[in-house]
Protein chains: 2
Amino acid sequence: MDSRIVNLRSKLDVYKGMTGGGNLADCPVREVIQGLNGKWSSLLMAALAEQPYRFGELRRLVPDISQRMLTQTLHDLQRDGYVHRKVFPTKPPSVEYSLTDLGRSMFGALHHLIQWAELNHDAVRQARAGFDATQA
Amino acid sequence: MDSRIVNLRSKLDVYKGMTGGGNLADCPVREVIQGLNGKWSSLLMAALAEQPYRFGELRRLVPDISQRMLTQTLHDLQRDGYVHRKVFPTKPPSVEYSLTDLGRSMFGALHHLIQWAELNHDAVRQARAGFDATQA
DNA sequence: TACATCGGTCTCAAAATGAGACCAGCACTA
DNA sequence: TAGTGCTGGTCTCATTTTGAGACCGATGTA
């Protein structure tokens with residue numbers, strides 16, 4: 001396999017995760033990205049990248065998440081192997097969530113996007129304002 | 001006092017986009033990330049990073065997107081300043097979508113995440129299979 | 001007794017999304 | 001001239017996802 005050909009794979013093909021002829025609907029890269037597309041996934045990843053947190057701590061840290069979505073998002077992140085869930089046999093039992101190695105690796109990539117947002121949110125906000133002005 | 005206060009800004013604070021005392025709910029970084037959390041945003045960004053496409057071309061390129069969501073996602077990406085919409089006065093009029101400079105800049109960061117997914121989707125798939133096995 | 005804490009689950013309403021019909025205007029064909 | 005197709009959408013309705021909040025059982029605490 002010529003490595004030059006790999007480099008010539010288009011960005012879209014990389015996203016599709018196919019070297020040719022595959023079905024765009026069943027795409028491993030899309031599946032992974034979809035798992036991070038949830039409204040709360042990246043925020044919780046950022047929190048847990050800082051340090052491990054317990055369920056109630058996360059709830060207080062992110063006041064506008066419902067308990068239902070916190071449970072569900074943590075469950076999904078655990079399922080995808082990003083988050084480890086550890087139950088302590090206290091009374092009542094407490095649960096600590098932390099990033100796995102895979103989670104830390106993934107957050108390394110996600111962090112680029114967060115940093116970009118930090119640097120450029122003014123430009124985005126300005127673009128929105130300008131666009132909304134023309135649509136009024 | 002906690003020693004991590006000495007840290008300049010935690011990852012979570014960066015995500016919050018606040019240097020202190022702000023409200024987590026109104027956060028510029030969160031707003032930007034939310035705009036990319038849509039189910040189709042990153043896929044369309046990857047397509048347009050490859051080359052400009054027309055509406056119908058994108059529709060054929062991504063067979064499982066509904067016309068409704070294609071219109072809406074492109075509209076949102078245009079509103080945030082990532083995508084430029086150009087109408088050609090042909091009959092019937094055709095519309096070309098392309099990335100702006102801001103869009104290309106943002107995709108540079110997003111690309112890290114896509115590349116990570118390309119390299120690690122096997123690990124994620126395996127984590128899912130293992131997790132589902134224990135839950136069965 | 002009364003009340004709070006732990007980490008959830010359950011129900012119901014609201015919002016986002018999917019599926020598909022429909023539209024106007026023009027070109028081409030029969 | 002009537003029919004058909006292409007363009008990029010919008011509109012309606014059903015399904016899915018999310019939000020808001022009540023409820024839970026076992027324990028500690030006032």
Side-chain angles (χ1 to χ4, degrees), chain A residues 23-27 30-31 33-45 47-48 52-80 83-98 131 134-135, chain B residues 23-27 30-31 33-45 47-48 52-80 83-98 131 134-135:
Chain A
N23 181 5
L24 181 55
D26 321 331
C27 158
R30 271 181 69 174
E31 282 175 20
I33 299 290
Q34 295 277 36
L36 303 170
N37 269 350
K39 182 169 179 181
W40 304 104
S41 308
S42 50
L43 178 53
L44 292 180
M45 286 296 299
L48 295 176
Y53 280 108
R54 300 212 343 236
F55 186 87
E57 290 176 324
L58 286 171
R59 207 157 88 83
R60 285 184 289 273
L61 205 57
V62 187
D64 55 341
I65 193 175
S66 68
Q67 203 164 358
R68 188 182 164 282
M69 287 312 294
L70 180 55
T71 299
Q72 184 174 315
T73 305
L74 288 170
H75 178 275
D76 293 347
L77 291 176
Q78 184 192 0
R79 178 172 182 261
D80 283 5
V83 161
H84 175 68
R85 179 177 185 273
K86 182 170 184 182
V87 181
F88 291 92
T90 56
K91 313 230 166 172
S94 57
V95 182
E96 186 189 76
Y97 292 92
S98 56
F131 185 82
T134 67
Q135 303 293 319
Chain B
N23 180 6
L24 182 55
D26 320 331
C27 159
R30 273 181 68 174
E31 281 175 21
I33 299 291
Q34 295 278 35
L36 303 170
N37 270 351
K39 181 170 180 180
W40 305 104
S41 308
S42 50
L43 178 53
L44 292 180
M45 286 297 299
L48 295 176
Y53 281 108
R54 293 201 0 223
F55 186 87
E57 291 176 324
L58 287 171
R59 207 156 91 80
R60 285 184 289 273
L61 206 57
V62 187
D64 55 343
I65 192 175
S66 66
Q67 203 164 359
R68 187 182 165 283
M69 286 313 294
L70 180 55
T71 301
Q72 182 174 315
T73 305
L74 287 171
H75 178 274
D76 292 347
L77 291 176
Q78 185 193 0
R79 177 170 182 265
D80 283 5
V83 162
H84 176 68
R85 180 178 185 271
K86 183 171 183 180
V87 182
F88 291 92
T90 56
K91 315 242 169 164
S94 57
V95 181
E96 186 189 76
Y97 292 92
S98 56
F131 185 84
T134 68
Q135 304 292 317

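No experiment lies behind these values; they were computed from the predicted model shown. Lettering of chains follows the sequences in order, A, B, ..., and the numbering in each one begins at 1.
Between the Gln78(B) side chain and the His75(B) main chain, no donor and acceptor come within less than 3.5 Å of each other.
Comparing dG8(D), dG19(D), dC6(C) by their nearest atom to the side chain of Ser94(B) picks out dG8(D). Closest to the side chain of Arg85(A), from the set dT17(C), dT10(D), dG8(C), is dG8(C). Comparing dG7(C), dA20(D), dT17(C) by their closest approach to the side chain of Arg68(A) singles out dA20(D). Considering only side-chain atoms of Lys39(B), the nucleotide from dG19(D), dT17(C), dC6(C) that sits closest is dT17(C). Counting only heavy atoms from C-beta on, Gln67(B) has its side chain closest to dG8(D) among dT17(C), dG8(D), dG8(C). Nearest nucleotide to the side chain of Met69(B), out of dG18(C), dT7(D), dG7(C): dG18(C). The Thr71(A) side chain lies nearest to dT9(C) when the options are dG7(C), dT5(C), dT9(C).
Atom CD of Glu96(A) is separated from atom P of dC6(C) by 15 Å (rounded to the nearest Å). In this entry the distance linking CG of Leu74(B) with P of dT17(C) reads 14 Å, nearest Å. Protein atom CZ of Arg59(B) is 13 Å distant from nucleotide atom P of dT10(D), rounded to whole Å. Distance Tyr53(B) OH to dT7(D) P: 16 Å, rounded to the nearest Å. One can place NZ of Lys86(B) at 15 Å from P of dG8(D), the figure rounded to the nearest angstrom. At whole-Å resolution of the value, CD in Gln34(B) and P in dT18(D) are 11 Å apart. Across the protein-nucleic acid pair, Asp64(B) atom CG and dG18(C) atom C1' stand 11 Å apart, rounded to whole Å. Going from atom CD1 of Ile65(B) over to atom C1' of dA19(C) covers 13 Å, rounded to whole Å.
Side-chain contact between Leu70(A) and Leu74(A) is present, with heavy atoms from C-beta onward closer than 4.5 Å. Put simply, the side chain of Asp76(B) does not reach to within 4.5 Å of the side chain of Asp80(B), judged on heavy atoms. Inter-residue side-chain proximity for Leu48(A) and Leu58(A) is flagged as met; some heavy-atom pair is nearer than 4.5 Å.
Look at Asp64(A) and Arg30(B) and you find a salt bridge, because one of the NZ, NE, NH1 or NH2 atoms lies within 4.0 Å of a carboxylate O, short of that distance.
Closest-nucleotide positions on DNA chain C for Gln72(B) and Lys91(B) were compared, and the one nearer the 5' end corresponds to Gln72(B). If you find the closest nucleotide of DNA chain D to Arg60(B) and to Gly38(A), the one lying nearer the 5' end belongs to Arg60(B).
Put simply, Trp40(B) has a side-chain N or O that comes within less than 4.0 Å of OP1 or OP2 on dG18(C). Considering only side-chain N and O atoms, Tyr97(A) lies under 4.0 angstrom from the phosphate OP1 or OP2 of dG8(C).
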